[in-house]
Amino acid sequence: MQKLSTRVRRFRTGSPLSFRLLAWILLFSSVFTLIASAIQLYSDYHKDLGQIDNRMRVVETGYATSLARSLWALDQKLLQTQMEGILSLPDIAHLRLRIEPDSELVMGQVARDAQTRSHSFDLIHHGDEIFKLGELTVTADLDRVYGEMKRKAGLILVTEFFKTFLVSILIIWIFQHFVARHLSTMASYARQISLTNLAEPLKLDRPDSPLNRQDELARVTDAINQMRDRLNKDVARQERDAAEIRKFSKAIEQSPSSVLICDRQWRIEFANQKFTQLTGYDANAIIGKHPGALSENAMEHRETKHLWQSIRLQVQRVGVWQGEVNSVRRNGERFWEQLIVTPIKNSDGQATGYLILGEDISIRKRYEQQLLRQANYDILTGLPNRMLALDRLKLALAQARRENSLVGVMFLDLDNFKHINDTLGHDAGDNLLIEAARRVSSCLRGTSTVARLGGDEFLVILPGLTGANATSQVAERILKTFEPPYLLNNQEVFVTTSIGIAIFPTDSDNSGTLLQHADAAMYQAKHMGKSSYAHFAPEMKEVSHERLQMESRMRRALEQNEFELYFQPIVRTDTGALCSAEALIRWNNPSMGMVMPDRFIPLAEETGLITPIGEWVLQEACHKAMKWREITGTKVGVSVNVSPRQFRDQGFTDAVMNALEASGLEASTLELEITERLILDNTIETADILRQLDTAGIRLSVDDFGTGYSALSYLKSYPFDTLKIDKSFVQDVMTEQDDASLVKAIINMAHSLGLTVIAEGVENEAQTHFLQEEGCDYSQGYFYSRPMPEEEFEKWLRTNHRVQP
Ligand code: C2E
Ligand code: MG
Ligand code: MG
């Protein structure tokens, strides 16, 4: 019994569906069996009762007459026999014969509590008259009927129970075999399925018949397998996506630029390593903050608030913001950063966040500021240079025009400076210039400007004067400060200066003429015997006749063949091997002697004579380069200087092409040197001409780099091949740390822009070592060779075209 109940329990928990099915089948079939059996029994019972009733009616019809007759005849024996005959009939257990008028005959017996059924009928004599002789009541005992019914009920119940039980077992077995075990297989398959375990499809353990292929189990199996396929595809896609995302996030994480990603409300969601490195802020600590509100310093917040407002507005309006920002590191240190801010858009084109890329440009900025300083200030004395001085003069004139005041312009030239330089050396010369600059400055008020125009020439601008006298006072003060001797090379040296003065607006109302007049006055002062000053007077204009004279001489010089080209080798810095030569013009004038280009090129520019002179130089240089090829057997390049005015001349490109054609020189052997100033003009024509020349294959270089102010971004937009570092930087690389690092920076940046670098003015071996170390491609300077006249250069080529550094 115990065993059975545990078995049932196990069956119930192991196969609950089968158990429930069994329970329902048992319940329903029992109910049906009971109802059917009850109906069956009930109808049998009725049939039995009917038979008894029938039997009693048969008794009435069969015995009524004969019993009446026996009664009429009073034949008691026959009556008894007849009644015994009735009693012997099945189920008839009792007879009661009531005889009129009041006797009774009873036969048989019934138990007191027995179920009975009675039937009475009259016994009538039919003669002439009709007499009721008595009444017979026949009572049947129903015990047999009930007994029979009980037996039947027992039998039906037992057989029905067994039938039901066996059918249920069969159904359960069928259910188990065809359905439940497959459901279990599916359940355990589903239990084991996971994103990492999708290789095996679900297979049921049953024959692959057409019937099986169409039933519900097959459909569920198919559905599960389809789900598995879809999962497989999804997993593969997810893996691909994840790999892609990993790649991108690694790229962002390791990007050399700092990267910030913000949400739509400009709250930081991500910062990469470079950002942490650059700013010192830990990526996790700034999540959720605004990129302009990282520091705890309220002052800085206020500063950046405005900036970020305009960034936000521009990004919304234009789609991108780019600019240079002076940012603050966590430790309070400031640095320059180039920022690019763009929205991150979804496929509908809506901004879902913002990307902020940053790059540390402190080094470039410092270098640009240094260049800016270098472009505007004289390195030796720290005074403003010619460019800045002219700017200031123009400003002072504009202001004077507004205020109706006077501006004094003084031209100073140290007397006998060249002599001191030659006898005491350049260092002494430099020290003298520094001290002279200091002394001149000490005589002036804050609003005045002292500038060094070059060499030993200084310019003083005295704005806001009320009378011309004031300039004389200043001039006298300056002459006085020059009185004490200078200590040069431990030697006391007396140096004087000559001063020329011109006044705005009395002498001229334009800055250029004012300078010329001051210059003329200065010559007058020198004539007067040095250490003196002179105010400009109209007759002094004649002094500038020297200039005019020079101009007219220059006009004739071409015809007279007075120009000559000198050549200076340009060599590879690492090997010292010759690569090309720069053509440098000289003017041999019978009365002035050898005139250097610095003296006459500016005038040639001013007068436009530079165009024919420049054409001559081009023709000449190209021819010479062809000649060198014959001598050396290899191609030797030639560099030709081009001044801005010449460059902008309409026929310039044609002149270059003609020179190449006439000489037969290849375009790639010719390099045109263009000064930095030209690029600063930044006009469309400049860019066009440069591009035309570049397309023709001619090499282009930026000459005297560092003396103007070109941001490297300018260079990027022009097709330059070469950058020539100005000699003023190269000269001091071994002594001035600043110059050394500047030259290093220029070389690196030029290389990063794809430009070749030539160092100009290399005068000693130490400089060549430095340049070699820094990877400077080519060098040019007195260390290798001074500029040489044609024949000398050819001789040099024949004997010495490989120089050992
Ligand atoms: P640049 O093009 O920068 O030429 C280099 C100048 O540096 C030359 O001066 C050369 O003699 C000088 N130099 C070369 N090596 C050294 C050195 O080691 N130390 C020093 N201190 N100086 C060195 P140069 O010949 O007096 O020419 C001066 C400038 O005149 C040139 O500067 C160039 O801008 C201009 N120039 C020369 N020839 C022409 C020309 O044919 N046309 C035009 N437009 N300009 C010319
Ligand atoms: Mg040059
Ligand atoms: Mg140069």
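Position 1 is the first residue of the sequence, and the numbers go up from there. Indexing begins at 1, ligand by ligand and atom by atom, following the structure's order. A quick note: this is a predicted structure, and the numbers were derived from the prediction, not measured.
Distances from ligand 1 to the non-hydrogen atoms of Pro787 include at least one value under 4.0 Å. Not a single heavy atom of Arg786 sits less than 4.0 Å from an atom of ligand 1.
Set against the non-hydrogen atoms of Gly781, the atoms of ligand 1 under 4.0 Å away are 15 (N), 18 (O). Each of the atoms 41 (O) of ligand 1 lies under 4.0 Å from some heavy atom of Val617. Close approach of ligand 1 to Met596 is summarised as follows: ligand atoms under 4.0 Å from at least one heavy atom of the residue are 26 (O). Of all atoms in ligand 1, listed by their number and element, those nearer than 4.0 Å to a heavy atom of Glu763 are 17 (C), 18 (O), 19 (N), 20 (C), 21 (N). Residue-ligand proximity, Pro597 to ligand 1, at heavy-atom distances under 4.0 Å covers atoms 24 (P), 25 (O), 26 (O), 27 (O), 28 (C), 30 (O), 36 (N), 37 (C). Interface atoms of ligand 1 facing Glu582, defined by a heavy-atom separation under 4.0 Å, are 1 (P), 2 (O), 4 (O). Listed by number with element, the atoms of ligand 1 under 4.0 Å from a non-hydrogen atom of Gln568 are 14 (C), 15 (N). Interface atoms of ligand 1 facing Glu673, defined by a heavy-atom separation under 4.0 Å, are 2 (O).
The pair Arg553-Glu562 does not meet the salt-bridge criterion, since no charged nitrogen lies less than 4.0 angstrom from a carboxylate oxygen.
The nearest N, O or S atom of Glu673 is closer to the Mg ion (ligand 2) than 2.8 Å. Contact annotation: Ser639 places no N, O or S atom under 2.8 Å from the Mg ion (ligand 2). Glu760 lies apart from the Mg ion (ligand 2) in this respect, since none of its N, O or S atoms is found at a distance under 2.8 Å.
The proximity of Asp703 to ligand 1, defined as any non-hydrogen pair under 4.0 Å, is limited to the side chain. Proximity of Gln731 to ligand 1, defined as any heavy-atom pair under 4.0 Å, is confined to the side chain (atoms from C-beta onward). Heavy atoms of Ser643 found under 4.0 angstrom from ligand 1 belong to the backbone as well as the side chain. When non-hydrogen atoms are compared, ligand 1 lies under 4.0 Å from the side chain of Glu760 (C-beta onward) but not from its backbone. Counting heavy atoms closer than 4.0 Å to ligand 1, residue Leu565 contributes nothing at all. When non-hydrogen atoms are compared, ligand 1 lies under 4.0 Å from the backbone of Ile585 as well as from its side chain. Under 4.0 Å from ligand 1, not a single heavy atom of Lys724 appears.
Contact annotation: the side chain of Leu618 approaches that of Leu672 to within less than 4.5 Å [non-hydrogen atoms, C-beta and beyond]. Here the side chains of Arg786 and Tyr566 are not in contact, with every heavy-atom distance at 4.5 Å or above. By the 4.5 Å heavy-atom criterion applied to side chains, Phe417 and Leu433 are counted as neighbours.
Between Arg599 and Val595, the closest heavy-atom pair is CB-CG1, 3.9 Å.
Note that CG of Asp694 is 10.0 Å distant from CZ of Arg699, once rounded to the nearest 0.5 Å. Note that the CZ atom of Phe652 and the CZ atom of Arg645 stand 14.0 Å from one another [nearest 0.5 Å]. In this structure, CD in Gln692 is found 8.5 Å from CG in Asp654, a value given to the nearest 0.5 Å.
Asp415 and Thr496 form a side-chain donor-acceptor contact under 3.5 Å, judged by distance and modelled atom types alone.
Considering each of Glu620, Gln780, Lys727, Gln767, the one bringing a non-hydrogen atom nearest atom 12 (C) of ligand 1 is Lys727.
Between the side chain of Ser362 and the main chain of Trp336, a donor-acceptor pair closer than 3.5 Å is present. A donor-acceptor pair under 3.5 Å links the side-chain atoms of Asp777 to the main chain of Val757, judged by distance alone.
Figure legend: cation-pi geometry between Arg364 and Tyr367 absent, as NZ or CZ is not positioned both under 6.0 Å from the six-membered ring centre and within 45° of its axis.
Side-chain rings of Phe567 and Trp628 approach one another, their centers coming within less than 6.0 Å.
Annotation for Leu395: atom CG counts as buried by contact number, over 12 foreign heavy atoms lying within 6.0 Å.
To the nearest 10 degrees, the angle centred on the Mg ion (ligand 2) between OE2 in Glu582 and OD2 in Asp703 reads 170°.
Taking any N or O of Asp704, backbone or side chain, at least one lies under 3.5 Å from an N or O belonging to ligand 1.
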